[in-house]
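Position 1 is the first residue of the sequence, and the numbers go up from there.
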Amino acid sequence: MASLTVFLQRNLRNSNALGLRFIGRQTVEESASTNEMGDEEFRVLNLRSISQKPPQKRRVFKKDPVMPPRHLKMATDQDWTAVWPGPRSFQPSSVPLPLRQGYTEKGAAPPSKYANAELMKIPNFLHLTPPAIRQQCEALKQFCTPWPKSLDTEEKCFKYFPIQIKSTDYCHALPTIRNPEGRRITLKIKLSDLKFDAHAKDKFLRLLGDRYNGNTGIITIVADRCPLRKQNYDYAMYLLTACYHESFITEPWEASKSEADMEYYKFERNKSKQSVEAILNWGRPLDDSQKLQPHMSFAQSVEQLINEGENEYNLNRYKEEVLKLLNVVSAK
């Protein structure tokens with residue numbers, strides 16, 4: 001029993017030494033005063049001093065009153081162009097219309113305009129109302145000139161302005177208003193509106209290739225390689241001008257071409273003309289000025305037969321022209 005008492009006293013001494021090592025001066029004084037008061041009171045270990053502060057009042061934030069939607073304060077005769085002057089996303093508070101859009105189940109009403117993502121997805125045309133368009137037209141009148149009185153028909157317009165330029169404007173919801181397809185330019189002009197000789201016309205058509213439609217007689221040039229529409233317009237006009245002037249240039253090697261090198265058959269420069277003249281003037285010792293010449297329709301039938309190929313129409317026409325040339329009545 002004595003050994004147990006010695007062991008407990010030793011542990012209590014060590015614990016008091018460790019406790020005094022970590023506590024502050026104030027704690028030691030409080031412990032001393034507590035010991036003086038009596039051993040029967042429970043001793044409190046304070047590791048830090050706590051100052052008694054008065055409780056702070058909680059700050060109250062006052063919220064501003066929510067204003068009613070704008071469309072509830074709009075007048076019926078207001079200027080709509082001042083409310084919606086340009087293209088922008090849909091705003092339900094500014095549109096005094098009960099718009100609805102969106103998918104719903106059968107029998108239910110579509111979602112209203114508030115918090116409706118479907119109305120914000122598509123581009124709207126609320127800025128292109130009739131009053132807004134009327135105001136824009138009135139503002140653009142000062143930059144316009146009156147329409148010429150002499151151009152009162154469409155035929156006169158095509159006569160004095162033979163070149164047609166076609167372009168397309170796109171309206172879409174993208175970060176940029178410039179659509180890649182909007183830069184394309186289509187130039188159209190009739191071949192009959194251009195003046196050519198035989199050599200220039202043939203060379204011009206060969207330079208164009210498949211841009212010429214023989215059925216309609218219209219030349220179509222499409223330009224879309226440049227980034228801007230104005231640049232493609234200038235490029236299309238340059239192609240038309242360059243091909244037109246290039247067609248009138250005769251290269252030195254063109255003079256050395258033989259009849260076998262020609263691109264198409266021409267009755268005037270072939271031996272068939274000499275053969276027909278010999279048949280018509282058989283046994284007539286006449287001068288060159290008195291020789292009989294084949295009719296123009298016969299020459300056209302021969303050219304059409306050789307250039308276009310043999311078909312029922314060309315063969316029948318050639319047959320009729322040969323009978324007329326020989327003055328032979330066909331037996332029916």
Side-chain angles (χ1 to χ4, degrees), residues 77 79-82 84-87 123-172 176-249 296-297 300 303-304 308 313:
D77 57 347
D79 184 11
W80 178 250
T81 58
W84 209 282
N124 59 78
F125 296 92
L126 297 175
H127 62 288
L128 296 179
T129 56
I133 296 176
R134 192 178 302 110
Q135 291 183 8
Q136 295 176 7
C137 293
E138 292 294 334
L140 293 175
K141 277 186 178 180
Q142 57 180 331
F143 305 104
C144 301
T145 57
W147 185 262
K149 296 181 180 180
S150 58
L151 300 178
D152 53 351
T153 60
E154 189 174 357
E155 291 76 11
K156 292 183 180 180
C157 295
F158 284 113
K159 178 181 179 181
Y160 295 104
F161 300 95
I163 300 179
Q164 303 179 34
I165 301 296
K166 179 182 177 181
S167 60
T168 306
D169 295 322
Y170 294 87
C171 181
H172 53 108
T176 174
I177 62 175
R178 185 173 297 166
N179 192 287
E181 298 295 330
R183 68 176 188 269
R184 181 174 300 172
I185 290 294
T186 303
L187 184 148
K188 291 185 177 181
I189 185 174
K190 291 184 177 180
L191 183 65
S192 58
D193 295 330
L194 302 175
K195 297 181 180 180
F196 296 103
D197 54 17
H199 169 268
K201 182 178 180 180
D202 177 69
K203 190 173 183 179
F204 183 75
L205 294 179
R206 295 183 183 279
L207 290 174
L208 291 178
D210 57 353
R211 297 175 180 86
Y212 173 70
N213 189 346
N215 298 328
T216 59
I218 296 178
I219 301 169
T220 304
I221 298 177
V222 180
D224 58 353
R225 62 177 58 189
C226 299
L228 299 180
R229 180 184 299 178
K230 181 63 170 58
Q231 296 173 343
N232 287 316
Y233 170 78
D234 295 339
Y235 181 65
M237 295 298 295
Y238 163 76
L239 289 179
L240 178 64
T241 305
C243 292
Y244 179 79
H245 290 286
E246 183 66 24
S247 62
F248 287 93
I249 299 177
M296 185 61 65
S297 59
Q300 293 177 356
E303 292 177 357
Q304 188 175 4
E308 298 181 4
Y313 174 76

Could you walk me through whether Tyr313 and Gln304 satisfy the side chain to side chain contact (heavy atoms under 4.5 Å, CB included) test, starting with their C-alpha distance in whole Å, then the side-chain angles of each, then the deciding distance to 0.1 Å, before giving a yes or no? CA-CA 10 Å; Tyr313 174 76; Gln304 188 175 4; 3.6 Å; yes
With side chains defined as the heavy atoms from C-beta onward, is the minimum distance between Gln135 and Thr129 less than 4.5 Å? no
In the structure I gave you, are the side-chain heavy atoms of Phe196 and Asp202 within less than 4.5 Å of one another anywhere? no
List the atom of Tyr244, the atom of Lys195, and the distance in Å for their closest heavy-atom pair. OH-O, 3.0 Å
Applying the side chain to side chain contact (heavy atoms under 4.5 Å, CB included) criterion to Ile165, which one of Ile189, Ile185, Thr186 satisfies it? Ile185
Return the SG to CG distance between Cys243 and Leu207, rounded to the nearest 0.5 Å. 5.0 Å
Kindly check if the number of other-residue, nucleotide or ligand heavy atoms within 6.0 Å of OH (Tyr233) is above 12? no
Specify the closest pair of heavy atoms between His127 and Asn124, including all atoms of both residues, with the distance to one decimal. CE1-O, 3.6 Å
Ignoring hydrogens and angles, tell me if any N or O in the side chain of Asn232 forms a donor-acceptor pair with the backbone of Arg184 under 3.5 Å. no
Give the C-alpha distance, both sets of side-chain angles, the deciding distance and a yes or no for salt bridge (charged side-chain N to carboxylate O under 4.0 Å, His left out) between Lys201 and Asp197. CA-CA 6 Å; Lys201 182 178 180 180; Asp197 54 17; over 6 Å; no
Rounded to the nearest 0.5 Å, the OG1 atom of Thr81 sits from the CZ atom of Arg134 at a distance of 11.0 Å
Is it the case that the ring center of Phe248 lies less than 6.0 angstrom away from the ring center of Phe204? no
Backbone N/O of Ile249 and side chain of Lys203: donor-acceptor pair under 3.5 Å: yes
I'd like to check Trp147 versus Asp152 (side-chain heavy atoms, cut-off strictly below 4.5 Å). Are they in contact? no
When you measure from the side chain of Trp80 to the backbone N and O of Leu126, does any donor-acceptor pair fall under 3.5 Å? yes
Kindly say whether Gly182 contributes a backbone atom to a donor-acceptor pair with the side chain of Arg229 at under 3.5 angstrom? yes
Please report the shortest heavy-atom distance between Ile133 and Leu128, naming the atom on each side. CD1-O, 3.6 Å
Can you give each donor-acceptor pair under 3.5 Å made by side-chain atoms of residues 212-224, sequence neighbours left out, with the distance rounded to 0.1 Å?
from: Asn213; atom 1: OD1; to: Asn215; atom 2: N; distance (Å): 3.1
from: Asn213; atom 1: ND2; to: Thr216; atom 2: OG1; distance (Å): 3.4

Find the distance between OG (Ser297) and CD (Gln300) and round it off to the nearest 0.5 Å. 7.0 Å
To the nearest 0.5 Å, atom NZ of Lys156 lies from atom NZ of Lys159 at 8.5 Å
